[in-house]
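To start, the structure under review is shown below, and the notes come after it.
Residue numbers start from 1 in every chain, and the chains themselves are labelled A, B, ... in the order their sequence lines are given, proteins ahead of strands.
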Amino acid sequence: MKAFTSLYSQLDQTTKTNAKINIMADYFLHTYETDSIWAIALLTGRRPKRPIRTADLKLWATELAQIPFWLFEESYSVTGDLAETISLLIPTSNNSTVIPLNKVMTEILEIVNKTEEKKKEWLFSYWNVLSKDELFVFNKLITGSFRVGASQQLVYKALSKAYKLDDKLIAHKLMGSWLPQSSGLKELLFNTDKSFDDSKPYPFYLAYQLDVPFTELGDVNEWQIERKYDGIRGQIVVRNKQIFIWSRGEDLMTEKFPEFNLLKNILPDATVIDGEILPFKDNKIMSFAEMQKRIGRKNLNSKILKDAPLCMMCYDLLELNGEDQRSITMQERRKKLEELLEEFPSAILKLSPLQTCDVWENLDTLRVLSKSQGCEGLMLKHKESIYETGRRRGKWWKWKVDPFTVDAVLIYAQSGHGRRANLFTDYTFAIRDGETLMPFAKAYSGLTDKELIEVDAWIKRNTIEKFGPVRSVKAELVFEIAFEGINASPRHKSGIAVRFPRILRWRKDKKKDEINTKDDLLQLLNAV
Amino acid sequence: MLIQFTNKGIYCKQAGIYIDPWKPVDRAVITHAHSDHARLGSKEYLAHTQSENILKYRLGNISLQTLDYYQPIHINGVKISLYPAGHIIGSAQVRLEYKGEIWVVSGDYKVKTDNYTVPFEPVKCQHFITESTFGLPVYNFPEAEVVNKSLNNWVHQNAEEGFNSVIIGYALGKAQRILEALETDLPILLHTTIYNTNEALGFDNSPYIKFTQDFKRELLNPGIVLATGTVLGSPWMKRFEPYKLAVCSGWMQLRGARRRSNADIGIVMSDHADWQGLNEAVTATGAENIYVTHGYKTNFSKWLREEKKLNAQEVETLFEGDGIENESKETNPKETPS
Ligand SMILES: [Zn+2]
Ligand SMILES: [Zn+2]
């Protein structure tokens, strides 16, 4: 736990990718493999389920801290983080008990099904001996909120450095559904037996939101342009007469998509296709909500299968006849994909249509148009691009219509200009920052005329203060705000600057305490 | 009641004095020289001897009478004396006694010693006015030795890696503590406000470099820069690149605040009492009546009422407490760096 805690705080203290790689590589080199395997799992997002209910955690922490419950809640609302609150409130000793990470993790898995009493006893056995820093990380693990500021790719790079293996190979080996409690590090990373896992998908290549001017992209004809679909990114893996469907989150979802099952008899052996799984009916893409309904079901009856049939919009070919296709160009892969689908046709495999665009200037029209086709923007893929691992800049870009959205509350209003001079149409929105509201964006457009009038009337009824043309209003109305980009900005009070914010819709269904927080925005920022 | 809470501040009618008034009055007793406690415009001031120079530096040529700790004066039958508050140099608790009724106005205070300021001393009384800046149990601060050690380790690691260490702290109180805490042979450059504050305090500036516009970056290479919060996010910092940034404040106890500060490290160094300190101080006075001012006053007074069974109530004041956000109010606007 000590080494892992130190790893966590070191990663927490730097934003430099190279430093992060070195910190992790150093950890892997100096840690027992039985612990490393758990660290890899946790760093790549394989978190255990929370073993103890939040209400119990709070109650028991209050007991150890010897404070009344209301004071715990007040402290929590100021801290904004349960794990941190508990670690600050309960008394700690400078005990130097060494507890291996794998012991902690194994016990977390085991304690889930125990009685409340046993859970409490187990929990106190840790709370009473861990140091303050360890306690924080431990609490993060048991509240299921453990996150580190290091992408999977950085983890792969660090492993590559520590174990002298190619990072793409590592990425591939760590794909899929291995469990840290039953996998050995050696077996996982160094196994060369190809047949040992037919199900293995390839690491997905992910695009960043376009944030460079077209002039930097060169000739538009060098780019393959497709729509960006709003479905589930997935890989269809067919090997040895079996089919496996993987989501981008590396979940094996084969069971959820029974209609794909017949593909194992249609597609040639050892084929891997990358694409978007979409609900598709009467020649039209259905909304993502239909997909969510389906995913949420335990049992898929014939009615559901009929109401929301799925297809895959195929856009890349990763393996053909058992051969890895990732190092040939996009253009060549696309050609092979077209040939494959022509030779082995199936109604549920569709080819993602290419969009034609002769000049960059027309691209925005295409992007906006994609929305009416049930899509969320465009993908730009350089025709010479190989299939990379993870999120990378340069050769693939996504250009979404509404790349980022958050729910925010209206706090200031100002009257508009021209035709709208008598209406309050310029709004300032705030997100939550602990107990306070933090203004983060101004937006003008996005509401219908009818909504504008309704909001205007509300503003006039709910004004708190007037400062010249600006009114502060009761924090109550929630809006979904979309924006194009997000940057750290010391000049803004929130520390964050967003580009081109606009109102997506009025969320009458949401209350003020459901808005996004500053931490959410920071997470978006870190994910960019 | 000897003391009233008025819209000008804490008032003793019998003696005709206000303590840390936020509006101009005839006679003001000042607990310490921070700008939310020592304001311009009153006719006569009374403060601790060690506050004299800094008060004159900040407020100009005021009419000021000074007292040592424990040295009483009597005004219209009220015995007034000052006791160490341990907050910053010259900070005092004001004890007022009249016909057996005893009040203590603590101003800002801390109970933990910092090895620099005269330590806090509990004073028996019936009525105690306390701050509550860190009046939540999540604010229990580490000991000064631990904090100082982590600051020194950080500075030396930076130097080894070729980085300057830029340290942010209040000009009055915090800056001197930081300078006392640093154990290093590295060159230390002081922001103008801090340099001038040191001078006013009589704090020895000879080991340090004063920042000037024609400052040569080779002077550091690498070294330490001590500045106030006004420079955060300003181009003033650019000239020290490559650097790492530390913010020294009690607020750094929480991760969220550390992240918001954009600092590489948050040093939990505070001149206010932490949760434990507040509780110890209140208990040590033996007072039945507690008046809670600036900070988490709702929570702290409720805690004192319900758990300690004291007659505690919240009091509205215009003290702002210390915080990186308030830093700009604390420094002299004429001296903001350009
Ligand atoms: Zn103060
Ligand atoms: Zn104060």
Quick one: what part of A/K132 sits under 4.5 Å from any heavy atom of chain B, side chain, backbone, both or neither? neither
What residue pairs, at least two apart or across chains, pass salt bridge (Lys or Arg N to Asp or Glu O under 4.0 Å) with a residue in residues 80-93 of chain A? A/D81-A/K140
Under 4.5 Å from a heavy atom of chain B, the part of A/Y76 involved: neither
Using a strict 4.0 Å threshold on nitrogen-to-oxygen distance, state whether B/D274 and B/K110 make a salt bridge. no
So salt bridge (Lys or Arg N to Asp or Glu O under 4.0 Å) across residues 290-306 of chain B, not counting sequence neighbours, yields B/K297-B/E316
Looking only at side-chain N and O atoms, does B/N158 offer a donor or acceptor that is under 3.5 Å from a partner on B/S165? yes
Looking only at heavy atoms and a cut-off of under 4.5 Å, which of A/G80, A/S87, A/P68 has the most pairs with chain B? A/P68
Within a 6.0 Å radius of atom CD on B/E307, are there more than 12 heavy atoms belonging to other residues, nucleotides or ligands? yes
So if I take each residue of residues 135-147 of chain B and look for any heavy atom under 4.5 Å from a heavy atom in chain A, which residues do I end up with? B/L136, B/P137, B/V138, B/Y139
Describe, in one word, how the ring planes of B/F211 and B/F240 are oriented to each other, choosing from parallel (under 30°), tilted (30 to 60°) and perpendicular (over 60°). perpendicular
Using the salt bridge (Lys or Arg N to Asp or Glu O under 4.0 Å) rule, collect all pairs that involve residues 52-63 of chain A, keeping only residues at least two apart or in two chains. A/R53-A/D56, A/K58-A/E73, A/E63-A/K120
